[in-house]
Amino acid sequence: MAKPVSIEVWNPNGKYRVVSTKPMPGTRWINLLIEQDCRVEICTQKKTILSVEDIIALIGDKCDGVIGQLTEDWGETLFSALSRAGGKAFSNMAVGYNNVDVNAANKYGVAVGNTPGVLTETTAELAASLSLAAARRIVEADEFMRAGLYDGWLPHLFVGNLLKGQTVGVIGAGRIGSAYARMMIEGFKMNLIYYDLYQSTRLEKFVTAYGEFLKDKGEQPVTWRRAASMDEVLREADVISLHPILDKTTYHLINKESLATMKKEAILVNCSRGPVVDEVALVEHLKQNPMFRVGLDVFEDEPYMKPGLSDMKNAIVVPHIASASKWTREGMATLAALNVLGKIKGYPVWSDSNRVEPFLNENVPPPAACPSIVNAKALSLPVSKL
């Protein structure tokens with residue numbers, strides 16, 4: 001039997017009981033729930049990752065919906081507990097839902113929400129930040145200064161890579177991959193090579209137009225090319241950023257063989273999913289190639305790193321903060337709350353989950369719809385005509 005979990009309660013006399021397994025940024029999400037007669041219970045337990053038993057204790061005997069986190073194991077046990085408590089909605093405060101057994105949710109008739117459409121630019125900005133930090137060895141230099149080791153300018157001190165005119169490679173040119181590519185192209189005038197199963201026409205048109213703009217200004221135009229294979233990107237790019245989905249085909253997409261394909265002084269960035277990279281192989285590659293650099297926001301066995309990674313001076317590691325801008329995290333909280341609220345109130349599902357701006361405008365009430373339900377078809381949920 002799990003110990004009682006500490007909570008903070010808002011609107012204690014509300015008709016509907018909604019549980020959030022973590023405090024979330026902002027207060028708009030709380031107010032939106034309260035305005036619709038929800039009692040909101042927020043877990044304040046000083047525990048980074050709640051166990052299944054903890055969450056069952058939070059759900060209790062009556063619960064209409066839960067807002068959870070991607071660190072939680074939402075499978076048969078939790079969905080059956082939520083269903084027994086009368087719950088019909090769960091939403092991750094995340095765009096990904098690898099932690100969710102959607103089939104189990106379908107079995108119990110629970111709608112599963114996520115929060116796309118609000119992370120694109122924020123995630124792309126972090127990927128660009130890691131690219132620049134790795135290229136110019138900023139973290140190494142910062143640690144050097146803080147250690148009191150700087151005693152004067154030297155010609156070879158922390159010499160890094162120039163980005164201008166080099167080639168940026170993108171694996172997965174969806175929304176985030178394309179936004180990252182635009183930042184690197186427009187910001188540093190890099191040429192683009194990308195690999196994706198689908199042609200990114202909008203990205204290609206952007207690079208073509210920007211190249212013409214530079215040419216008209218008397219500057220060297222940028223170029224783009226869609227690679228026929230991922231290996232082509234790995235061989236030719238100076239900076240490579242990973243933006244694929246995680247499935248059986250992309251697990252350990254970057255491994256010993258693919259790392260060996262890359263340039264000796266290449267930069268690899270991963271803000272997608274940790275298991276896309278074979279971390280053990282990466283550590284060995286970093287040891288053998290000191291001028292190869294990597295920037296990681298996600299890890300194979302999160303929150304843990306594989307042995308040796310934290311010792312690598314040519315690795316920049318940050319704790320899964322790609323979405324950690326104030327605007328984005330507050331937006332994610334709002335979307336997650338509205339997913340749960342919408343299902344409780346019987347609202348239809350928003351027709352385009354990547355266009356969620358109407359839900360984020362604080363000056364007007366949000367649409368009467370669930371922003372994004374990943375199993376809407378399986379549950380035969382109606383689609384909004386708004």
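It should be emphasised that the depicted structure is a prediction, and the values quoted were computed from it without experimental measurement.
By the 30° and 60° cut-offs, the orientation of the rings of Phe359 relative to Trp350 is perpendicular.
The neighbour count for Phe299 CZ, taken as heavy atoms of other residues, nucleotides or ligands under 6.0 Å away, is above 12. With a 6.0 Å radius and a threshold of 12 heavy atoms from other residues, nucleotides or ligands, Arg226 has its CZ atom above the threshold. Heavy-atom contacts from other residues, nucleotides or ligands closer than 6.0 Å to CG of Asp61 number 12 or fewer. Counting non-hydrogen atoms of other residues, nucleotides and ligands closer than 6.0 Å to CZ of Phe158 gives a total above 12.
Using modelled atom types, one finds no donor on one side chain facing an acceptor on the other under 3.5 Å when comparing Asn13 with Arg39. One side chain, Ser325 or Thr328, offers a donor N or O that lies under 3.5 Å from an acceptor on the other. No side-chain donor-acceptor contact under 3.5 Å links Arg136 and Asn161. Donor-acceptor pairing under 3.5 Å is lacking for the side chains of Asp231 and Thr261. Side chains of Ser372 and Asn114: a donor on one and an acceptor on the other come within 3.5 Å. For the 3.5 Å distance criterion, the side chains of Arg202 and Ser178 fail to qualify, holding no donor opposite an acceptor. Judged by distance alone, the side chains of Asn99 and Asp73 never bring a donor and an acceptor atom under 3.5 Å apart. In this structure, a donor-acceptor pair under 3.5 Å is present between the side chains of Thr21 and Glu72. Side-chain atoms of Ser6 and Gln45 form a donor-acceptor pair, as typed in the model, at a separation below 3.5 Å. Of the N and O atoms on the side chains of Asn270 and Ser272, at least one donor lies less than 3.5 Å from an acceptor on the other residue. Looking only at atom types and distance, the side chain of Tyr180 has no donor-acceptor partner in the side chain of Thr123 under 3.5 Å away.
Of all heavy-atom pairs between Val95 and Arg273, the closest is CG1-NH2, 4.4 Å.
Asp311 has no carboxylate O lying under 4.0 Å from a charged side-chain N of Lys313, or vice versa, which leaves the two without a salt bridge.
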